[in-house]
Amino acid sequence: MKALRTIPLFSLTLVLLSPLFAQAQVDDLDQLLQSVKQQQQQQRQLNRQREAEFLADRQRQQRLLNQARTAFEQQQQENQPLLAVTEANAREIERLEKDLAGVVEDMGDLSSGFREFAGDFSAVLQESMLTAQLPERGATLRALADANTQVTIEEIQSLWLLVQEEMTEAGKVTRFDGQVIDTAGVSKTADVLRVGVFTAWAGGEYLRYVPETGELLALSRQPPARYRSAAAGFGGSREPVVLAVDPTRGSLLGMYTYTPDLRERVDQGGTIGLIIIALGCFGILLTLWRLIVLFFVSVKIKRQLGQLDTASADNPLGRVLLSVSDVSHQEEELLQLKLDEAVLAEMPGLERGNGLIKLIAAISPLLGLLGTVTGMILTFQAISLFGTGDPKLMAGGISQALVTTVLGLVVAIPLLFGHSLVAYLARGMIQRLDEQCAGVLARHAERKES
Amino acid sequence: MTMLYAIADFADQGGGVLWLLFGTCLLLWTLILERALFLRFAWPSQARSAIQQWQQRSDRDSWRALRIREALVSESSMALHAVLPLIRVLVVLCPLLGLLGTVLGMIGVFEVIATSGNDDAQAMARGIYRATIPTMAGLVVALTGIYFTVRLGQLADREAANLQRQLELDGGVA
């Protein structure tokens, strides 16, 4: 085994040592020198060769460099105009960008302006009576006003259309079916007549437009009937109709609901107003009664004048004649006395109530004055409590003051006239009895004698 | 027509009382005219017939005659004085109606104050201006009427006195 291993090892050593064996073969120094020189020669040659190769290489590189340089320069030359173009383009781009920014800004202005106008117009539209007829417009307009994007041409056109519609409709007299809330608060569909955006009627009743809810409301207090009848009869004929239109778009009609009616006015007068009214009614009735009575009395007296022979007791003249019927015409003194007495007895009956009418006619302006004074007291109380800041607080007292004055005058004027009439009739009759009764008797007697 | 419009305009400014005043004025002047026409045309013949009736009597101093004379004078005097009290009361009523219109106008003014506050002096001034129109109208009507009431009363008294003088008594006793 050991011997087997040794053989390859040995052979290896042999192989390694072989040049040494060659040198060993040339074991001479000259030979060594020779070989060194030879090798040096070889080396030098190799070096020279490599140098030449290197130089050649360098030249080639130089050439390549030159080539590249020229190519570069050539390229550079070609590049020059392109650079200018690029720069010009860059400037162009910058300019265009500036333009774009300007346009975008303008568009932004337009947009915000548009939204602003749409918002304003939305408010105008809400105030317009037309909304009651076309309620869907509000939502469209609000959408236009509230959007945050840039405006589109469609949007601008739709706003334009709305404005134009508002304008056109404002100049029209139209009938349409609309929701109307009547005075009882019940909403119902009614045939509404609209004049522009000013006034609307339903069934001859004036309507008020409520912008908050966009509904039409029947006025709780309507203007006088003569203003309403025309609206009720509108549309039936082709004849021109006179309509009363509120040009303030409802604020005048709104004021109308604040003005008190007759009943409220009377209430403003307070207790004194009621006293005056009661007195006035009493006075008027009294006057009418006296007028009727005097009229019948005068008719009866006329009839009695026609038939003096048969005196009846149902009239003053008849009673006077009866009182002297048993006195002979020769006893003149007695006759005169009896006549005077009888006439005197008739006077109270004819003048009855006359003084009372006059009294009421005189008292009612005084009561009116009293009401005025109490009203002024209320007013000044209000002033001393609340100051003069709010005239509405004083208005209550002032209206009481004025209403009682009016009531006093309203009662006094007809009563004064009525009293004058009654007194005129009564005095005429008394005068007739007083001054002409004897004459009538005398004439009658003479006629009978002749 | 223009005249009518002017009147309607005036009445519109001053309120409904002006129409009432207008009616009163019309009535007043109708009555005044009636009196004037009566004095001018009807009265002379009536006086003549009364005098004639008295002259025809044979006995003009007995108690009966005196009573008949008295009746004649009384009838004439009543005819002369007829409706004069009404004219007088109408003249009195006119300023009252004017006052009524003014107070009604003032109520309107205060209503304006109550509903819209007192900051609109122009509206108030307009209201007050309108309120004073009825007073003016009432005074104008009354002033034009007042002379005639007095004058007509005087004329009636004088005519009655004249008549009484002309109905002479035989005994010379008036």
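Since the model is a prediction, treat every value here as computed from it, not as a measurement. The chains referred to below are lettered A, B, ... by the order of the sequence lines, with proteins before strands, and numbering in each begins at 1.
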* Asked: Quick one: are A:Q436 and B:M78 in side-chain contact, heavy atoms under 4.5 Å?
  -> yes
* Contact winner vs chain A - B:I107, B:L90, B:V83, heavy-atom pairs under 4.5 Å -> B:I107
* Asked: Side chain, backbone, both or neither: which part of A:E446 has an atom under 4.5 Å from a heavy atom of chain B?
  -> both
* To do: Count the heavy atoms of every other residue, nucleotide or ligand shown that sit under 6.0 Å from CZ of A:R443, and state whether that count exceeds 12.
  => yes
* Looking at CG of B:L97 and CD1 of A:I413, how far apart are the two atoms once the value is rounded to the nearest 0.5 Å? -> 4.0 Å
* To do: Mind checking the CG-CD1 spacing from A:L441 to B:I68? Nearest 0.5 Å is all I need.
  => 10.0 Å
* Please round to the nearest 0.5 Å and tell me the distance separating atom OG of A:S420 and atom CZ of B:R88. => 9.0 Å
* Asked: Listed by residue number, which members of residues 141-166 of chain B have a heavy atom under 4.5 Å from any heavy atom of chain A?
  -> none
* To do: Considering only heavy atoms and a distance below 4.5 Å, find which of A:E435, A:Q431, A:R427 pairs most often with chain B.
  => A:E435
* **Separation between CG of B:L84 and OH of A:Y424, rounded to the nearest 0.5 Å** => 8.0 Å
* Does B:W63 reach the side chain of A:Q336, with side-chain heavy atoms less than 4.5 Å apart? -> yes
* **Heavy-atom proximity to chain B below 4.5 Å, by part of A:I398** => side chain
* Structure fact -> Among A:T405, A:L416, A:V403, the residue with the most heavy-atom pairs under 4.5 Å to chain B is A:L416
* Asked: To the nearest 0.5 Å, how far apart are CD in B:E70 and CG in A:D434?
  -> 7.5 Å
